[in-house]
Structures are given as C-alpha cells and as structure tokens.
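Bear in mind that the values here come from a model prediction, so they are computed numbers and not experimental data. Protein chains get the first letters and strands the later ones, always in sequence-line order, with residue 1 at the start of each.
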Amino acid sequence: MNIESYLSQTISVVVNHLFELATTPESIVLQKTKKEFEGDYTLVTFPFIKAAKATPEQTGKLIGDMLLKENANIINFNVVKGFLNFSLANTFWLNEFKEIVAQPNYGIKKANSSGKQIMLEYSSPNTNKPLHLGHIRNNLLGFSVANIIQTQGHEVIKVNLINDRGIHICKSMIAWKLFGNGETPESTHEKGDHLVGKYYVAFDKEYKKQTAELEAQGLAKEEAEKKAPIMLQTQDMLLKWEANDSETIELWKTMNGWVYKGFDVTYKKLGVTFDKLYYESNTYLLGKEIVQEGLAKHIFYKKENGSVCIDLTNEGLDEKVVLRSDGTSVYITQDLGTAIERAKEFPKLNQMIYTVGNEQDYHFKVLFKCLEKLGYDWAKECFHLSYGMVELPEGKMKSREGTVVDADDLIDGMVATAKETTEELGKVEGFTTDALETLYETIGMGALKYFILKVDPKKKMMFDPKESIDFNGHTGPFIQYAHARIKSILRRFEKPTHELIISDGIELHAKEKELIKGLYEFSISLEESANSFNPAIVANYVYELTKLFNQFYNECPVLKEENETVKEFRIKLIETTSTIMKNGMKCLGIEVPERM
RNA sequence: GGUCCCGUAGCUCAGCUGGAUAGAGCAACAGCCUUCUAAGCUGUGGGCCAUUGGUUCGAAUCCAAUCGGGAUCACCA
C-alpha cells in the first residue's frame, strides 16, 4: 500500500468537505514529519487558509479534528504554524510491516507483460589500453542502472559495443611491432590489456620524440606532426587493415585477443556482465545506406566537396557532417547505423539507453535528432545516460601519457586494504583461507562500488588516490557490517524464522517504528531510482536504513529480550531489514557478507 | 564567442517536482565495549546554500543577470 496516496486521499475528502473545495489527492502537499516534531506525517496547511478564512493554526486544528474523527488510523495531531503533524496508530505500522513481510521480494516487481524491453549499452572500451577509473564509473553505473530498471518489471538487454578498430588501435600495434621484440602476455606475465597499453604509451613517446626532432629541423609543429615517420606507418597500417591485409589482420586479432582476456578479468572483478557484445569492426560500415536514405528524403544534403551534412541550426545545434567527402563513415554514421540495426534486430525494443560520459552530450543530441528526422519514432525513446567525469586532485587523467588511475591497480588496492583492515581489527577467526579471500574482495569492492555509486551520476566526482577509500561512515562496508551483525543474531536464534507470527498487541519502541518506516521506503526509493536512472538514490536509501538499524540495535536487545512476543517480532524485523539491505545492495552490484 | 553542466561545513557528498531551526560522512574534540560483532552508538564545534535582483504568505530549491569552474562546438572516436 502506498501510505502517502492513502493519506492524501483521506485528507482531500476532509478538506473538500470542510472548506467546500475540489482538491485532488495529488495536489495535497504531504511530507514526513521532521525529527524535531511529534508525528509521522505533516500536512502543509497554507494552501487552505484562504478557503478556511482562518489563521494557519485554526485551519490546522480544523483539519486535524476532522481527520481524527474520520480516520481510525490517525490517533493524534499537533499544529505548529502552518504545519499539521499527525501520528498514525501503532497497529497501522504493524500492519504495514506485516504487508512487507508477506512479500519476500518487497519493492521488486517481477517481469510482466506490461514491462518494457530496454537495451542498455555501457562500458564500450577501446582495445588499445587497460580500463581506468573513468571506465569503472561507466561500468558500475551501467550495470547498476540495468539492475534497478529490472526491479520495475522491465526486461533489460545489456550490451557492450567494443571499439576494436581505428587509428588508435593501430598505434599500439605499430609500437609493438617496432619495440615489442615479440613480447606476449605469456612471456612477460603481464595482463594482456596492460601489455598493449604499454605500447600505446610507447607510441606516444616515440611520436613526441619524432615530432620534436622534425621541429628542430625547422618544420612547423603541424607539419612535423603529420610527417613523423611513426604516424605515417600507423596510417599505412590502418589502410592495410581496411584492405584486409592478412598479416595486419593477424596481428590485430592477436593483440585484441590479449586485450579481451585482460578485460574479462577486470569485468569479472567488477562483477559486471553483458548479454550481447558488439564489435565496431563489424558495425563501422553500417550507416552508409542510412545516409543515402536521408539524402533521398532531403534530410541530409551533399556539399560541393562531396561530404554529406545535416543542418540542425534550427534545432539550436550546428551543421554536422554525417559522411566524409571520400565516402567513409564518421563516428555518427556508424552510430546511426548501429541504432537502426538494433531496432531491426529487436523489434519489440521500447527504449535504448547509452551509458556514455557527459563530454558527449552534444553528440547524442545530434544523433537522436538525426534519427528523429529520419522518421524513426523510437528515437524519442532513446536516452543518453550521461555521467560526469571522475576528477583527480592533480588534474585530468590522460591514458596516452599514462597518468591514469588504473582499474586493476585500484581494485587490487581496495582488496588489499580490506585485508589489512580486517586483520587489524582481528576479525579473521573462524574463516577458512578461501572464505577470507572472498571476504576481502567483498569488502574491498563494496567500498569502491559504493564510493562511486553514492554520488549522483550527472555530477562530476572527485577521487583522491592518495586518500584511500574509507571503510567507516557513509560507505559500503558500513552497510555490509550491519548486515553481518543481523545475520549473526539470526544464526543464534533457535527457531525457524518463517514460523514466527507477528502479534498484534505489540507496543512499538520508537526505533522499531522508525525502522518499519524505513523498510516501507524501499519500494518508493527503488522506483524513484529507476525513473531517474540514478543508483545514488538506492545507495543513499540503504545507508539511511542501515543507520536506522544501528540505532535500533543499540537501544533494543533482540536475543536478550525477555518478552517472547517482542523478541520474535524483533527477529522478524531485523530479518526483513537484512533482506532489504541485501536486495538494495544487489541493485548496486554489491554483495553483503554473512559475517565479517 | 555560442551551447550545455556545475558552485551547499576545512574535505567528500545529500537535500533541488518551493515549506518548519539547511542534513550526512570524513577530519577535530568529548563520552559509550563484565550487555546480540566498537567497520558501531551518543554528543560538541563548524554554513551570508558563489553574488545580486525578481516571483511568492514562504526560495538552497523557480526565473534573470553577474562572478568562478568544467565540457563541447572535427571530414577524431
């Protein structure tokens, strides 16, 4: 049951009767009562004082009196200025709790016929370098949003479009050919993506050296950059690749193979998965036909030099090239092609979501506008899940220069810190070695994932590698710890919990009531989180719930409670709390341990 | 320069579909482990919510301008 809409309904009836209004339940301003005041919900009465022809205080009292008379669930009220605070009966909250308990997956809707089919693209790595912190945000965000959308009864197809071709890929290939001496991940015991990334950096170094030399010989900077031998070799290689030169293709396959193996390890550590992989080498030629189609429809036009453009100046955008004068594709050509291809491949698709950084806001505006102009009505259901950059205190990350926070290093560092902390706290007893390894990963990754996901995706976020991610306070381990504490109590409880019956006569402790309210909120937060594609809402919700639990834990003994009815109720209460914590964290891709 | 995003405590972030005295965490300080795991709980200090003006009974929240920061405006991806 949605408590707010139930109350709004009641209030609108009362208000309409009292003041001869025609207020709809939706227009009632209702909020949770602030901590400092007595009550559960608060009605803002300012909107009614005119119709009531009374002061805010009098208006509040009028409404309060009538609510008290009309609704048995409302047992008390007080008025402070224009605010009517009212309390709901003990039994009301107990019943609410029973309803939650009766739904094993409270807040989570099963996939049903009214659910949508949604494609969500995320990750989209380049195969010339390892993943870094920016990719971590992308991956965690994409995976988490997919989970969250699923809880609302939708089907999500997670896809990864791998950027496996192009000049940047050739750069690391050339560098490897020149300086690699036949190195392989096996020979160097290096992760494949790191090995290839090393040569990408090597390319940049050599390229800078060569341009500097040419500049010293008197060439202009621009000229030098064009004429550097290594750049010419790279361009030549790209041509060979496009001409399907067997030796080049062979090297490309080999090196990309190394990278994929490396990526798989990182993806596994991050716990992200995909339903379908797309490779740009297969899709980059798509879209040319679309351009012809657009030309025929006079949506695109040909310029004198032969390039094809679209004029979006009326839309507040610019003129954009969609096909080069030499007839080759640009970025947006393939994106048009890929989108249309996917729509054909999945005819039931209701929405396409692209998880890509906000530096590409403009690109996606143009892309969606193009699709719309081409007459694809699903274009307005396309959504760019845009997220802010992860910033470092020293400035930007540049993978070419190797000044990045590497994903694997960061992950390993987090796990190592988890290990250190656990050992320092002396909490290693009773675990097998394997269980400990798993625990360190759970805690380390929990801390990292929570750190990233608790902030609003739209906003840029700051990450200071020098300050390690915290394990105290508003963090993943804080929640994991509370969960483990609950499980510890449940392990000691002698009866099977499913047999427990919640008695009606229980007088709720303040912290118990707060906790029930907190449990109820899960469903609302999850829905809000899904609607706004924002995992931070769930993340912050679970934190709030955990705080409520910790307060309860401090004030209300469970196993030591002498009254058997109360004890069993509390068992049920914490069991439900642990389930919601677990389900909430699962949405974020974070595991919660049974003990820690 | 055009367009878009962002400015909240020393730091990292909530709150933004307008409502009461603006919240957390970290850091600092002070309490709580013969009581279910102290990765916890309780308390103290810390704020012209960038600035100015407007709308409103009421503005951190909406509007405008200014200042500061970032992104983007490629026949790169």
Side-chain angles (χ1 to χ4, degrees), chain A residues 29 31 33-37 42 44-47 49-50 56 80-83 85 124 126 163 165-169 280 284 303 305-309 316-335 357-363 365-366 386 388-389 391 393 396 418 421-422 424-427 443 447 451 454-456 458-464 467 469-482 484-493 536-537 539-540 543-544 546-547 549-551 553-561 570 574 595-596:
Chain A
V29 180
Q31 53 194 263
T33 302
K34 294 214 170 198
K35 277 242 163 59
E36 313 86 270
F37 301 96
T42 297
V44 180
T45 57
F46 287 111
I49 54 176
K50 243 183 204 166
V80 182
K81 290 188 274 183
F83 302 92
N85 308 315
S124 313
N126 292 325
N163 213 300
R165 61 160 288 280
I167 192 85
H168 52 299
I169 309 296
E280 207 194 277
Y284 85 106
K303 282 185 135 181
N305 61 12
S307 62
V308 181
C309 297
L317 304 168
D318 300 295
E319 185 182 77
K320 186 85 187 171
V321 171
V322 294
L323 197 68
R324 289 194 193 102
S325 50
D326 63 3
T328 56
S329 306
V330 290
Y331 185 30
I332 200 158
T333 323
Q334 17 178 325
D335 273 1
N358 65 7
E359 68 271 16
Q360 296 203 35
D361 284 356
Y362 181 74
H363 170 76
K365 261 188 201 166
V366 173
S386 164
M389 307 211 316
E391 293 187 346
K396 276 196 200 168
T421 309
T422 308
E424 259 170 41
L425 291 171
K427 301 200 176 197
I443 297 172
F451 180 85
K454 78 172 173 185
V455 347
D456 187 332
K458 289 192 292 295
K459 296 192 180 174
K460 62 179 184 225
M461 65 179 292
M462 185 57 96
F463 178 74
D464 190 345
E467 284 175 39
I469 292 174
D470 232 297
F471 285 37
N472 299 316
H474 190 181
T475 68
F478 173 92
I479 297 161
Q480 293 173 321
Y481 179 66
R485 275 172 146 186
I486 295 178
K487 289 296 177 175
S488 166
I489 296 174
L490 293 176
R491 274 193 300 275
R492 289 171 199 220
F493 184 68
I537 294 175
N540 288 314
Y543 172 65
E544 292 300 329
T546 303
K547 277 209 298 190
F549 165 75
N550 281 339
Q551 288 166 17
Y553 180 88
N554 249 263
E555 289 192 30
C556 305
V558 179
L559 295 172
K560 291 195 173 63
E561 172 59 43
R570 286 182 179 167
I574 63 169
R595 58 181 85 201
M596 72 185 269

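For A/Phe471 against A/Ala447, the heavy-atom pair with the smallest separation is CE1-CB, 4.0 Å.
When heavy atoms are screened at a 4.0 angstrom cut-off, A/Val558 is found touching base atoms of the nucleic acid. Residue contacts shown for A/Lys547 are limited to sugar-phosphate atoms, with no base heavy atom under 4.0 Å away. If you check every strand for non-hydrogen atoms under 4.0 Å, A/Tyr331 touches a base. Contacts of A/Asp335 with the nucleic acid, taken as non-hydrogen atoms under 4.0 Å apart, are absent. Here A/Ile443 lies in heavy-atom contact (under 4.0 Å) with a base. Nucleic acid contact class of A/Thr422 (heavy atoms, under 4.0 Å, all strands): base. Within 4.0 Å of A/Ala482, counting heavy atoms only, lies no atom of the nucleic acid at all.
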**Message:** Could you go through A/Ser386 and A/Lys458, starting from their C-alpha distance and side-chain angles, then the distance that decides it, and tell me whether this counts as side-chain contact (heavy atoms from CB on, under 4.5 Å)?
**Reply:** CA-CA 6 Å; A/Ser386 164; A/Lys458 289 192 292 295; over 6 Å; no

**Asked** Between A/Val308 and A/Val321, is a side-chain contact (heavy atoms from CB on, under 4.5 Å) present by the stated rule, with each step listed?
**Response** CA-CA 6 Å; A/Val308 181; A/Val321 171; over 6 Å; no

**Message:** If you apply the rule side-chain contact (heavy atoms from CB on, under 4.5 Å), what do you find for A/Phe493 with A/Val558, and how did you get there?
**Reply:** CA-CA 9 Å; A/Phe493 184 68; A/Val558 179; over 6 Å; no

**Verdict with supporting geometry, A/Asp470 and A/Thr475, side chain to side chain donor-acceptor pair (under 3.5 Å)** = CA-CA 7 Å; A/Asp470 232 297; A/Thr475 68; over 6 Å; no

**Request:** Decide yes or no on side-chain contact (heavy atoms from CB on, under 4.5 Å) for A/Phe463 and A/Glu391, but give the supporting numbers first.
**Result:** CA-CA 6 Å; A/Phe463 178 74; A/Glu391 293 187 346; over 6 Å; no

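Rounded to an integer number of Å, the gap from A/Glu544 CD to B/A24 P is 9 Å. Going from atom CD1 of A/Ile332 over to atom P of B/U72 covers 16 Å, rounded to whole Å. Between the CZ atom of A/Phe37 and the P atom of B/G19 there is a distance of 15 Å, given to the nearest Å. In this entry the distance linking CG of A/Asn358 with P of B/C6 reads 10 Å, nearest Å. Computed from coordinates, the A/Lys34 NZ to B/A22 C1' distance equals 7 Å when rounded to whole Å. When the P atom of B/U42 is taken as reference, atom CD of A/Glu555 falls 8 Å away, rounded to whole Å. When the C1' atom of B/U42 is taken as reference, atom CD of A/Gln551 falls 10 Å away, rounded to whole Å. Atom-to-atom, OH of A/Tyr553 to P of B/U35 comes out at 11 Å; the value is rounded to the nearest Å.
Spacing between B/A20 and B/A59 at atom C1', rounded to whole Å, works out to 14 Å. For the P atom pair drawn from B/U51 and B/A22, the interatomic distance equals 15 Å after rounding to whole Å. Annotation: B/A14 and B/A9 have their P atoms spaced 13 Å apart (nearest Å). Distance check on atom C1': B/C16 versus B/G7 gives 14 Å, rounded to whole Å. B/C36 and B/C41 are spaced 14 Å apart, taking the C1' atom of each and rounding to whole Å. One P atom belongs to B/G23, the other to B/A60, and the distance between them is 13 Å to the nearest Å. Rounded to the nearest Å, the gap between the C1' atom of B/G10 and that of B/C4 is 31 Å. Between the P atoms of B/A28 and B/U66, the separation comes to 43 Å (whole Å).
Using a 4.5 Å cut-off on side-chain heavy atoms (C-beta onward), A/Arg570 and A/Cys556 make contact. Contact annotation: the side chain of A/Arg595 never approaches that of A/Lys487 to less than 4.5 Å [non-hydrogen atoms, C-beta and beyond]. Here the side chains of A/Thr422 and A/Ile443 are in contact, with some heavy-atom distance below 4.5 Å. Taking 4.5 Å as the limit, some side-chain heavy atom of A/Cys309 sits within range of a side-chain heavy atom of A/Glu319. You'll find the side chain of A/Thr333 stays beyond 4.5 Å of the side chain of A/Tyr284, heavy atoms only. Here the side chains of A/Lys454 and A/Met461 are not in contact, with every heavy-atom distance at 4.5 Å or above. At a threshold of 4.5 Å between non-hydrogen side-chain atoms, the residues A/Asn550 and A/Phe478 count as touching.
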For nucleotides 60-64 of chain B, which of its nitrogen or oxygen atoms have a protein nitrogen or oxygen under 3.5 Å away, and what is each distance?
none

Pull out every protein N or O sitting under 3.5 Å from an N or O of nucleotides 56-59 of chain B, one pair per line with the distance.
none

Give me the distances for all protein-to-nucleotides 28-34 of chain B N/O pairs that come in under 3.5 Å?
none

**Complete:** With both pairing distances under 3.5 angstrom for Watson-Crick or G-U wobble, and | for a partner in another strand, the correct string for RNA chain B is (((((((..((((.....[...)))).(((((.......))))).....(((((..]....))))))))))))....

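Ring orientation note: the planes of A/His363 and A/Tyr331 are close to parallel, at an angle under 30° on the 30°/60° scale.
The side chain of A/Tyr362 has B/C73 as its nearest neighbour among B/C73, B/C36, B/A39. Taking the side chain of A/Arg492 as heavy atoms from C-beta on, and the options B/C36, B/A20, B/C41, the nearest nucleotide is B/C36. Of all nucleotides listed (B/C73, B/C26, B/A77), B/C73 comes nearest to the side chain of A/Asp318. Of the listed nucleotides (B/A39, B/C36, B/G19), B/C36 has the atom at the smallest distance from the side chain of A/Ile489. Of all nucleotides listed (B/C26, B/A39, B/G19), B/A39 comes nearest to the side chain of A/Pro477. Relative to the side chain of A/Gln31, the nucleotides B/A39, B/A20, B/G25 differ in distance, and B/A20 lies closest.
Using a 4.0 Å cut-off, no side-chain N or O of A/Gln480 falls inside it from OP1 or OP2 of B/A39. In this model, the phosphate group of B/A39 is not approached by any side-chain N or O of A/Asn472 to a distance below 4.0 Å at OP1 or OP2. Put simply, A/Arg570 has no side-chain N or O that comes within less than 4.0 Å of OP1 or OP2 on B/C36.
Base orientation of B/C48: anti (glycosidic angle beyond 90° from 0).
Of the two residues contacting RNA chain B, namely A/Pro557 and A/Phe478, the nearest-nucleotide position lying further toward the 5' end is that of A/Pro557. Both A/Gly316 and A/Lys560 lie near RNA chain B, and the one whose nearest nucleotide falls closer to the 5' end is A/Gly316.
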**Fill in**
Per-nt protein contacts along nucleotides 11-16 of chain B (heavy atom under 4.0 Å; B base, S backbone sugar-phosphate only, - none) come out as -SSS-B

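Qualifying side chain to side chain donor-acceptor pair (under 3.5 Å) partners for A/Ser124, counting only residues two or more places apart in sequence or in other chains: A/Glu121.
Judged by atom type and distance alone, A/Thr42 reaches the base of B/A20 through a side-chain donor-acceptor pair under 3.5 Å.
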